[in-house]
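Working notes, structure below.
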Amino acid sequence: MSYYAITSNHPRHVKFLETLYQKIDLSVVIVVDKKISEAKFTEEQSFFQSDMSLLKKPNVLRCNSQQIHSNFVLNTLQKTDPEVGFVFGGPIIKKQLHQMPKFGCVNIHTGLVEHYRGVDSTLWALYNNNTDLIGTTLHYIDDSIDGGSIIDTAKIKIKKHDNLDKLFYKTCESGFSLILDNIDDIISNKVKSIKLNNRGKLYQLKDRNNTIVDVAKQNLRRYIDENYC
């Protein structure tokens with residue numbers, strides 16, 4: 001059996017690789033290098049405690065977001081004749097990649113796709129004061145953005161000492177748990193996925209600004225004060 005993973009070089013994405021390696025061997029790992037500040041790296045690594053040495057394994061191919069659809073990457077993956085692809089933290093991948101595996105390509109989305117698609121789903125749930133809509137979706141990739149059929153979902157409960165970043169990290173952890181819970185069915189093509197009929201609003205990086213972040217933080221503080229004080 002052959003599997004590939006597409007992710008980035010951030011600690012949370014390396015933890016994703018660790019999770020997969022608990023269950024399967026990966027034939028090829030495509031790592032899309034992304035910039036991360038030293039402070040952010042330290043904070044993220046403190047939370048996830050990722051084994052960053054995984055990025056040095058011989059099956060790892062490093063590239064940038066423009067190179068991921070190059071002939072070299074496509075040919076490298078095709079040679080492995082993959083059954084399943086696993087994605088977390090990479091750029092939007094084109095049909096050539098997500099239709100290559102026999103049993104489909106699976107993505108972790110750190111949001112509930114019925115309500116929030118794209119990026120910053122935790123932020124937008126808090127901004128909209130939808131504290132009950134923070135969660136994670138494991139789904140198949142199709143030609144849309146976060147619109148493929150759903151494998152599994154999980155909601156995140158806000159705790160007393162949570163902040164915006166910690167809640168986001170918890171949605172990542174939830175995604176790893178969903179992978180472990182469902183991977184046997186995924187690799188044996190026995191998943192009973194559910195079609196996504198009601199797509200949540202699509203948010204992009206350009207939609208975020210400091211005012212929105214401030215409102216989200218205020219709503220989170222208000223929720224914690226009302227429920228834990």
Side-chain angles (χ1 to χ4, degrees), residues 3-8 10 12-13 16 19-20 30 32 34 65-66 68-69 73-74 77 82-156 167-183 185-208 212 216:
Y3 314 103
Y4 72 70
I6 297 175
T7 191
S8 97
H10 291 195
R12 65 182 184 274
H13 300 134
F16 162 66
T19 302
L20 291 172
I30 307 298
V32 181
K34 297 181 179 180
S65 57
Q66 285 74 44
I68 192 171
H69 294 103
V73 170
L74 293 173
L77 293 177
E83 271 80 19
V84 183
F86 296 90
V87 178
F88 179 51
I92 296 173
I93 62 174
K94 296 179 181 179
K95 185 179 296 185
Q96 303 99 303
L97 279 178
H98 71 74
Q99 289 190 350
M100 188 184 300
K102 294 184 182 71
F103 300 153
C105 199
V106 175
N107 179 61
I108 294 175
H109 172 65
T110 51
L112 301 174
V113 290
E114 302 97 324
H115 306 280
Y116 298 98
R117 295 183 300 121
V119 301
D120 295 324
S121 295
T122 298
L123 169 70
W124 290 107
L126 289 170
Y127 176 77
N128 294 323
N129 220 16
N130 291 328
T131 53
D132 60 331
L133 297 181
I134 298 170
T136 310
T137 305
L138 187 67
H139 67 95
Y140 286 108
I141 296 176
D142 64 10
D143 290 336
S144 65
I145 298 177
D146 299 327
S149 57
I150 296 171
I151 299 170
D152 204 353
T153 63
K155 287 188 175 182
I156 303 299
L167 278 172
F168 169 65
Y169 294 157
K170 287 166 69 173
T171 65
C172 298
E173 285 188 323
S174 176
F176 307 151
S177 295
L178 292 179
I179 283 279
L180 293 176
D181 290 344
N182 291 279
I183 197 167
D185 286 340
I186 290 169
I187 64 176
S188 61
N189 199 29
K190 294 179 180 178
V191 173
K192 296 180 180 179
S193 60
I194 301 171
K195 184 178 180 180
L196 178 62
N197 292 314
N198 299 308
R199 296 183 179 183
K201 183 174 180 180
L202 176 64
Y203 289 95
Q204 299 175 295
L205 285 173
K206 64 181 182 180
D207 299 319
R208 174 178 179 145
I212 287 167

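Since the structure is predicted, the reported quantities are computational estimates derived from the model, not experimental observations. Because only heavy atoms are used, hydrogens play no part in the values below, and waters and symmetry mates are left out as well, while side chains stay in. Position 1 is the first residue of the sequence; numbering continues from there.
- Here the closest non-hydrogen pair linking Pro82 and Leu77 is CD-O, 3.4 Å.
- In terms of the ring pair (Phe, Tyr, Trp, His ring centres under 6.0 Å) criterion, residue partners of Phe16 (sequence neighbours excluded) are, by chain and number, Phe88.
- Counting heavy atoms from C-beta on, the side chains of Ile108 and Ile179 come closer than 4.5 Å.
- Every residue meeting the side chain to side chain contact (heavy atoms under 4.5 Å, CB included) condition with Val119, not counting sequence neighbours, appears here in chain and number order: Leu205.
- Applying the ring pair (Phe, Tyr, Trp, His ring centres under 6.0 Å) criterion to Tyr127, with sequence neighbours excluded, gives Trp124.
- Partners of Asp143 by salt bridge (Lys or Arg N to Asp or Glu O under 4.0 Å), not counting sequence neighbours, listed by chain and number: Lys95.
- Among residues two or more places apart in sequence or in another chain, the side chain to side chain donor-acceptor pair (under 3.5 Å) test is passed with Ser193 by Ser149.
- Contact annotation: the side chain of Ile212 approaches that of Leu123 to within less than 4.5 Å [non-hydrogen atoms, C-beta and beyond].
- The side chain to side chain donor-acceptor pair (under 3.5 Å) contacts involving residues 106-121 comprise Asn107-His139, His109-Ser121, His109-Asp146, Tyr116-Asn128, Tyr116-Asn130, Asp120-Arg208, where partners must be two or more places apart or lie in separate chains.
- In this view, Lys102 and Asp81 satisfy the side chain to side chain donor-acceptor pair (under 3.5 Å) rule, not counting sequence neighbours.
- Under the side chain to side chain contact (heavy atoms under 4.5 Å, CB included) criterion, Lys206 pairs with Gln204, not counting sequence neighbours.
- Residues meeting the side chain to side chain donor-acceptor pair (under 3.5 Å) test with Tyr140, sequence neighbours left out: none.
- One N or O on the side chain of Thr136 and one on the backbone of Thr171 form a donor-acceptor pair closer than 3.5 Å.
- Legend: residues meeting side chain to side chain contact (heavy atoms under 4.5 Å, CB included) with Asp142, ordered by chain and number and at least two apart, are Ser144, Arg199.
- For Lys34, the side chain to side chain contact (heavy atoms under 4.5 Å, CB included) partners are Ser8, Asn9, His10, not counting sequence neighbours.
- Looking at heavy atoms from C-beta onward, Pro101 lies out of side-chain contact with Tyr3 at the 4.5 angstrom threshold.
- Counting heavy atoms from C-beta on, the side chains of Val106 and Val87 never come closer than 4.5 Å.
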